[in-house]
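If you're wondering where the values come from, they're calculated on a predicted model, not measured in any experiment. Atoms within a ligand are numbered from 1 in the order they appear, just like the ligands themselves.
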Amino acid sequence: MTNFCLLQQSVRMGHFLSLTTLLYLLVTSCSGSPPSNFILLFADDLGFGDLGCYGHPTSLTPNLDRLAADGLRFTDFYCTSPVCSPSRASLLTGRYQTRSGVYPGVFYPGSRGGLPLNETTIAEVLKPLGYATAAMGKWHLGVGKNGMYLPTRQGFDRYLGVPYSHDMGPCQNLTCFPPDVKCFGHCDVGVVTIPLMHNDAIKQQPVDFLDLERAYSDFATDFITQATRKKQPFFLYYPSHHTHYPQYAGPATAGRSRRGPFGDSLLEFDSTVGNLLSALEHTGVLNNTLILFTADNGPELMRMSRGGNAGPLKCGKGTTYEGGMREPAIAYWPGTITPGVTHELASTLDIMPTIARLAGAKLPMVQLDGVDMTDILVNHGPSKREAMMFYPTDPSENYGLFALRLGKYKAHFYTRGAGHSETTPDQDCHIISFLKPHDPPLLFDLESDPSENYPLSPLGRPDLQALLRRIGVVKEQFEASMEFGESQIGKGSDPDLEPCCTPHCTPKPSCCQCG
Ligand SMILES: *[C@@H]1O[C@H](CO)[C@@H](O)[C@H](O)[C@H]1NC(C)=O
Ligand SMILES: *[C@@H]1O[C@H](CO)[C@@H](O)[C@H](O)[C@H]1NC(C)=O
Ligand SMILES: *[C@@H]1O[C@H](CO)[C@@H](O)[C@H](O)[C@H]1NC(C)=O
């Protein structure tokens, strides 16, 4: 049904389809292939240079490398924020975080706000078509009063995971190798221990990190098996805790990489990807499942050798330089996606419209910022995306965009370092590099200078002057279309909202502990 619907819909909407895409659609619709399944993998604080298939010399990522070798690997793929919660809001809604109000910064365990319930997530787009939906891992779009912002309230039938970052609670044992490794640095004190939630209930507090990935693999395998047994199409969203600080790894992967704790953590995530692939093979649905992989923001360089790596890109997490927001991305769908590499411009924003298109689902009647990238996937075709907008961690109408990429050029209107990107030799990344306006904007050609080392001077270059005028127009038009939603994170926190498995225990927060 899927592809046939897609074809009908495209024709109805007068979409232009290339001949190859059209042939592909006809062939698959005539063969009566069942609806497509979707798996969305979202790594945490993972840089452009962290995967084996993106050139890291010591990372061990055999399963992700297999997805890249047999799928499509993106070189110019962006998330929408250099920190976690806003990036996730955009991924799931296809809208910049400024619209949904998921800014500034990130949610905390007791946050009053969350991703507003009237925002439509990918899961909610697929539900009317009868999809089974599940999320596992790091939610980080709010918990709220009585769990009102948990995944189960946003279109997911099931959820297993830690609903925020796993350093937002006291340190725990994190790996069995070497024994008794705790956090390297500090985790948050004065808040409840890290909960593992199953749907809306706390299953375990504190969570056992050494067993967590196994629990996720079991949950996912069970979900895929049940859905396929019922012949139900499914959507699985796996935002992983890996490779966010502090690094952890269970017995199967601790000490197994050449890259220390970060490498072990990444290897454990990769092993879960391998388990998902096995589940798809065993249930016979590998060929009608689209797997998408990317990450929420750039590496947290302040963790030094225990943080990620942005490869050739400048700075990392917290900044609007390339290292903060350009991410590895892979699309894998054997038999449909021809293996290769694409340099087309794409974004997490584009995932919702693409999944909706492939499933034949209706898009929400809201202002979307994403564009359909089906043609890039099935045809190595051109992107419909012309520009990418860069908002800082604390976007405001007053400052507007910090940077804008148009085609191969990126213009910075403001630059600023970040605490998350401390410790690298490049001073521009550091927190002491305060907000700096640029007029004319700092301009880079990202194809010849992806590291943003050599600003282009428009002096005596009418072509660049014309380009800057065009960038100015695109910026103005975009900003005129931007309505800032009420800040959800600005609503602050209430310790009584922190998830506690024994709500009336004393003394809080340390008494919140259950088997
Ligand atoms: C959600 O509700 C808020 C508050 O009423 C409103 O401002 C916002 O525009 C709504 N968002 C959507 C996507 O409908
Ligand atoms: C943490 O490790 C120490 C030393 O190996 C051990 O005694 C303790 O039981 C562990 N704690 C937990 C919660 O596993
Ligand atoms: C899946 O597709 C691949 C590549 O087209 C093909 O070799 C394989 O036989 C297919 N497997 C199944 C189970 O259909």
Side-chain angles (χ1 to χ4, degrees), residues 13 38 40 42 79-81 83-108 110-129 131 133 135 139-157 159 163 200 235 237 239 296 347-357 359 361-372 384-385 387-389 391 393-401 477-494 497:
M13 292 166 68
F38 302 98
L40 180 53
F42 207 47
C79 62
T80 64
S81 171
V83 289
C84 188
S85 300
S87 179
R88 280 149 214 265
S90 294
L91 171 76
L92 291 184
T93 63
R95 287 150 59 81
Y96 284 104
Q97 61 274 15
T98 35
R99 298 194 198 279
S100 55
V102 180
Y103 67 86
V106 302
F107 290 114
Y108 289 93
S111 279
R112 292 190 183 87
L115 177 67
L117 299 176
N118 63 355
E119 290 289 334
T120 307
T121 67
I122 298 173
E124 287 168 324
V125 160
L126 293 173
K127 266 328 280 180
L129 299 179
Y131 271 73
T133 54
W139 174 243
H140 218 182
L141 287 171
V143 177
K145 197 168 185 180
N146 302 319
M148 67 182 283
Y149 294 117
L150 287 171
T152 45
R153 315 295 173 91
Q154 300 276 21
F156 293 96
D157 303 335
Y159 173 58
D200 299 352
F235 170 50
Y237 172 47
D296 68 338
S347 165
T348 47
L349 293 165
D350 305 335
I351 290 177
M352 174 197 273
T354 305
I355 287 181
R357 173 85 184 279
K362 274 208 196 80
L363 285 171
M365 302 298 283
V366 294
Q367 168 111 44
L368 283 183
D369 296 301
V371 294
D372 174 21
K384 295 194 175 84
R385 171 170 293 285
M388 190 66 213
M389 311 300 170
Y391 278 114
T393 53
D394 53 346
S396 70
E397 284 174 280
N398 198 10
Y399 287 98
L401 295 177
Q477 280 174 353
F478 172 78
E479 287 181 334
S481 85
M482 178 52 65
E483 278 181 54
F484 276 61
E486 184 193 3
S487 166
Q488 293 297 315
I489 297 167
K491 291 179 176 173
S493 299
D494 174 356
L497 294 179

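- Of all atoms in ligand 1, numbered sequentially from 1 with element shown, those under 4.0 Å from a heavy atom of Glu119 are 13 (C).
- Distance check on atom 14 (O) of ligand 1: some protein heavy atom falls below the 4.0 Å cut-off.
- At least one N or O atom of Asn118, backbone or side chain, sits closer than 3.5 Å to an N or O atom of ligand 1.
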Might you work through the ring pair (Phe, Tyr, Trp, His ring centres under 6.0 Å) test for Tyr96 and Phe478, ending with a clear yes or no? CA-CA 11 Å; Tyr96 284 104; Phe478 172 78; 5.2 Å; yes
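- Closest approach of Pro364 to Met352, counting heavy atoms only: CD-SD, 4.0 Å.
- Annotation for Thr80 and Pro86: closest pair OG1-O, 3.9 Å, computed over non-hydrogen atoms.
- Atom 2 (O) of ligand 1 is approached by the protein to below 4.0 angstrom, counting heavy atoms only.
- With 3.5 Å as the limit, one finds a donor-acceptor pair spanning the side chains of Ser90 and Gln97.
- Of all heavy-atom pairs spanning Asp296 and Ser87, the tightest one is O-OG, 2.6 Å.
- By the definition of a contact as any protein heavy atom under 4.0 Å away, atom 9 (O) of ligand 1 is not in contact.
- When each atom of ligand 1 is checked for a heavy atom of Arg95 under 4.0 Å away, the hits are 13 (C).
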